[in-house]
Amino acid sequence: MSAPTRRRPAVSAAASVAVLTVLGLALWQPAQAQSPDPTAATSTTAAPTGPDDLVAIGRQLFDTGCVSCHGEGGVGTADGPTLVGVGEAAADFMLRTGRMPLAEPQGQSPSKPPAYTDQEIQALVAYVGSLGPGPAIPQVDVAAGDLVEGGELFRANCAACHGAAAVGGALSYGDYAPSLHSVAEVQIAEAVRVGPGQMPVFDEDVFTDDELNSLVAYVRYLQDPADPGGFSLGRVGPVAEGYVIWVVGASAVVVFIRWITRRRADG
Amino acid sequence: MSRRHRPDRGSRVGRTARWFDDRLGVARTGRTLLDKIFPNHWSFLLGEIALYSFVVLLATGVYLTFFFDASAAPVTYDGSYAPLQGVQVSAAYNSVLDLSFDVRAGLMMRQVHHWAALLFLAAIVMHICRVFFTGAFRRPREINWVVGCTLLVLALGNGFAGYSLLDDQLSGTGIRIADSVILSIPVAGTWISSLLFGGPFPGTEIIPRLFIIHVLLLPVAIIALLGVHLGILVRHKHTHFRGDGATEDNVVGERVWPTYAAKAGGVFFLTAALLCLLGGLFQINPVWLFGPFEPENVSSASQPDWYIGWLEGSLRLMPPWELSLGDYLIPNPFFPGVLLPGVTFLLLYAWPWIEAHFTKDHEPHHVLDRPRDRPVRTALGVATLTFYVILFAAGATDVLAVTFGVSVNRIVWTFRTLALVAPVAAALVARKVCLELQRRDGPPEPLPDEAEPVADEPAAVPS
C-alpha cells in the first residue's frame, strides 16, 4: 500500500508514520485484525488453505452464523435477502466493515469491528462467492489513481450523500450515508461496485477500474486532507461555523465589554 | 469655557490645532464630540462591536479585492493545490484558490474577513435585541430604529453576496436556492431572476454583478447609513438606565475624552484581536474541499452562513403546500422564502408605532426600561426570538440528524411542532419571570427630582 500521490510534505510524513504504524500492528496480529485495515483486506492468495477447503469452512461458518436470516444455501428468508449472485465483494464489504452479522434486525446496520477473524472472513467470502457469479473483490491500486480525476468523480457522484468532505450525510427516515473517514481502500472500492444499502451500484460501465483507483485515492486523501486554516470544525460546513461565532465569538465580546465597563467600586 | 480649553499656543500640537481651527473652525464641534457623554453600561457597546467588525471587514476586504477576480470566465487551475490541478474552473474560484494557497496572508485575510462577517451580524442582532428589550426605539428614536433595521437588511444582503461570490459548490448552491425563491414570486419572479442573472441561471453575469453589489453598492449604503445612525445618536444623545441621578433630561456617564475613547479603543482592539485569533485558528469555508461550482452537482450539508440559517430553516420546515388561483400557481418557496421574511421585516420596522398604538404612550423617553418592567413587550420579544432560533436550528436538520443519529424526518416534525408551541411557552415563562422579578424588586425608584443637584461623579450634563 502507498500514500496517495501529491501530498504536502508535512502531511506525507505524518501519513507515513501512520501507515508504518498500521503495518506494524498488522504484522503483530496478522489474523486478529480488530478494525478495518487496508493491508489485511483481501489477500485470498495468502490463505493457508486451498479454495475448496475455504468454501467448506465457509459453509460451516455460514450454517452457524448466517443461515437463520439468509437461509440454507444462502437463498434468503423473510428476514434476510438472498446471497446467490451478490458476489465476493458484497460479502467481503459486509463482513470486514462489521455490518454483518446484524446487531439488531432493523434500521441501517452501522459499521463496527468485524465479528470474524481474517481467515474466517476469507472462508465466508469464498462460500458466498461459490453460490453464484457476482462482483469479485476489486483489485485497488491507489498509486495508479489520479487524485484530480478522483476528486471530480467524487464531487459529481458521491458528495451529494457523503458530503464534499466525506463526513457523511443524512438520508430519509433515519438512514444515512456514513462517514468515509475510517474506511479501508478495498472496502471503499467494494462499496462502489456493490452499492450496499441505499447506495447505487457503480459497475465497470460507470467507473472503469482506473477511475475506481482514482476515486479511492481521493477518498483516502479526504481522510487526511491538506488542510490549512486551523481547526477544521468537523468539516460540516457553515453550521459548525455559526455555532462557533455564537459560542466563542459572541461570548468573548460580551466578556470584553462587561470587563471594560466594570466600575472600580464593583471590585 | 472655550478660552480655558484652547490649546496652549506654545506647544507644537497646540499650534497645529490652532492652524486648523483658524481655517475650519473645528474646535467647537470637536469639543462637543469630545465632551459627549456615554453611559457606562456594557450593553451600549454591542453596537460598537458591530461597528468594529465592520472596520475589520473593510480592511480585510480591501486586501482581498487586490487578488480576487470577479469573473466567470473559464480558466485551468494550475496553483499549488494538487487535487485540483488541471481542473477547469471559473476565474473567480481560481483566484480564491490562489488567495488560499499562493497569496501571502491570503487565507488568513479570507478567514478573518469571513469570521468578521459572522460577528458583524451577531453583534447587530445582539444590539437590536438590546434596543428592543429596553425600549430605546421609542419617541424620539423611531427614525434611528428604522435606519438600524435597514442596516440589518443591508448587512444580511451583503453577507449573502459575499458568500455567493466565491463560485465554489457551496456558494453556487446558495445562489441556486436564492434563484428558486426569487422565481416563486408571483408575476415578477421570472423577470427579477432574468434581470439579476442576465438570462437563465447561472449564466456568466451573476459573479461580476454580485461583486459590485458586495464591494461597492451595499458597503457604500452601509457606510452612509452608519453615518446617519451615529449622527442621529449624537443629535438625540444616549439613553440611559435608571440610577446614578439619571433623568429624562440628562445623560449620566463618561465623557468621550479621555475615558470613553480609551474604553472604546480597547474594545476595538479586543474585537480585532478576537477576529484575528478566529481567522488564524479556526478554518472557515474550505472552498478547496467543496470544489468548483457545477450546476449538476450538490453536496450534503450545504448550509448558508448562520444569519441566513433562519430562511434555510423556514424552507425546510414548510409543508409542501402551494396555492392555486385560477390559472396561476403560487409556488411553495414563496411562503417560507418571501412572505415570512417580508412579514418579519415589516413587523420589525413598524414595531415602534405598533407598540405606541397599543400602549398609547406617545411621550419622548430617554430613560430605558428594564426588560422586567415591560412584561408584555419582553414576552413578545422572547417569543419572536424563540421562533427564529428554532428556524435557525431547523436549517441544519441533516447535520443534526447525522450528529445525533436521529431520523431527519423526526427532526423536521419536532421542529415544526416546536416552531408553533415553543414561542408561546417561552412567552408565558418570560412574562412570569418578569413579574416575579418585579415583585422581588418592589416598585421602581422614582426618577430624581430634576431640580435636585446632580453628583459630579459620575459626570452628568444637562442635555
Side-chain angles (χ1 to χ4, degrees), chain A residues 5-8 147-148 150-152 154-156 159-165 167-177 179 218 221-222 225-246 248-250 252-254 256-263, chain B residues 40-42 45-46 49 81-87 100-101 107 111 114-115 118-119 122-123 126 169-170 263 266-267 270-271 274 278 280-286 289-291 294 296-306 309 392 395-399 401-403 406-410:
Chain A
T5 54
R6 299 191 196 131
R7 263 174 208 273
R8 290 151 65 91
L147 196 56
V148 176
E152 294 194 279
F154 185 85
R155 289 189 293 274
C161 297
H162 292 284
V167 296
L171 305 175
S172 300
Y173 300 105
D175 285 350
Y176 55 91
S179 162
Y218 190 71
Y221 165 74
L222 286 180
D227 224 9
F231 299 118
S232 61
L233 305 178
R235 294 196 197 89
V236 290
V239 174
E241 296 157 8
Y243 284 104
V244 166
I245 202 62
W246 279 100
V248 179
V253 296
V254 168
F256 293 162
I257 58 183
R258 290 196 67 114
W259 169 68
I260 220 157
T261 53
R262 200 173 64 168
R263 296 183 188 191
Chain B
N40 189 38
H41 190 273
W42 64 273
L45 284 163
L46 289 168
I49 301 285
Y81 183 65
L84 287 171
Q85 278 165 358
V87 176
S100 305
F101 291 100
L107 183 59
Q111 298 205 141
H114 204 138
W115 284 117
L118 299 193
L119 186 63
M126 290 192 287
Q169 190 62 47
L170 196 56
K263 290 188 177 185
V267 174
L270 283 169
T271 305
L274 171 74
L278 285 171
L281 294 179
F282 293 94
Q283 185 185 72
I284 187 165
N285 204 16
L289 291 179
F290 304 143
E294 304 288 348
E296 72 276 16
N297 288 356
V298 72
S299 166
S300 76
S302 288
Q303 262 84 13
D305 278 343
W306 78 264
F392 163 73
T397 43
D398 53 340
V399 175
V402 169
T403 307
V406 188
S407 159
V408 74
N409 303 66
R410 189 174 294 177

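Naming: A, B, ... by sequence-line order, numbering from 1 per chain. This structure is a prediction, so every number in the text was calculated from the model and none was measured. The figures that follow rest on heavy atoms only: side chains count, while hydrogens, waters and symmetry mates do not.
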request  = Would you please test B:Leu278 and A:Ile245 for side chain to side chain contact (heavy atoms under 4.5 Å, CB included) and show each step?
outcome  = CA-CA 9 Å; B:Leu278 285 171; A:Ile245 202 62; 3.9 Å; yes
ask   = Just wondering, do A:Val167 and B:Val402 contact through their side chains at under 4.5 Å, heavy atoms?
value = no
inquiry  = Heavy-atom pairs under 4.5 Å with chain B - which of A:Gly168, A:Gly150, A:Ala164, A:Gly242 has more of them than the others?
reply    = A:Ala164
inquiry  = A side-chain contact here means heavy atoms from C-beta on lying under 4.5 Å apart; do A:Glu241 and B:Trp115 qualify?
reply    = yes
key: A:Tyr218 versus chain B, the contacting section by heavy-atom distance below 4.5 Å   = side chain
query = For A:Ile260, is it the side chain, the backbone, both, or neither that has a heavy atom closer than 4.5 Å to a heavy atom of chain B?
reply = both
request  = Specify which of A:Gly151, A:Ala250, A:Pro238, A:Ala170 makes the most heavy-atom pairs with chain B at under 4.5 Å.
outcome  = A:Pro238
inquiry  = For chain B, which candidate among A:Gly174, A:Gly229, A:Gly234, A:Ser172 shows the most heavy-atom pairs at distances under 4.5 Å?
reply    = A:Gly229
request  = May I ask you to name which of A:Ala165, A:Gly249, A:Gly237, A:Ala156 has the most heavy-atom pairs under 4.5 Å with chain B?
outcome  = A:Ala156
query = Quick one: does B:Leu270's side chain get under 4.5 Å of A:Ile257's, heavy atoms only?
reply = no
ask   = Hey, which of B:Leu119, B:Asp398, B:Thr271 has the most heavy atom pairs under 4.5 Å with chain A?
value = B:Leu119
request  = List the steps and the verdict of side chain to side chain contact (heavy atoms under 4.5 Å, CB included) for A:Phe256 and B:Ile49.
outcome  = CA-CA 10 Å; A:Phe256 293 162; B:Ile49 301 285; 5.6 Å; no
ask   = For the candidates A:Gly169, A:Gly163, A:Ala160, which exhibits the highest count of non-hydrogen atom pairs separated by less than 4.5 Å from chain B?
value = A:Ala160
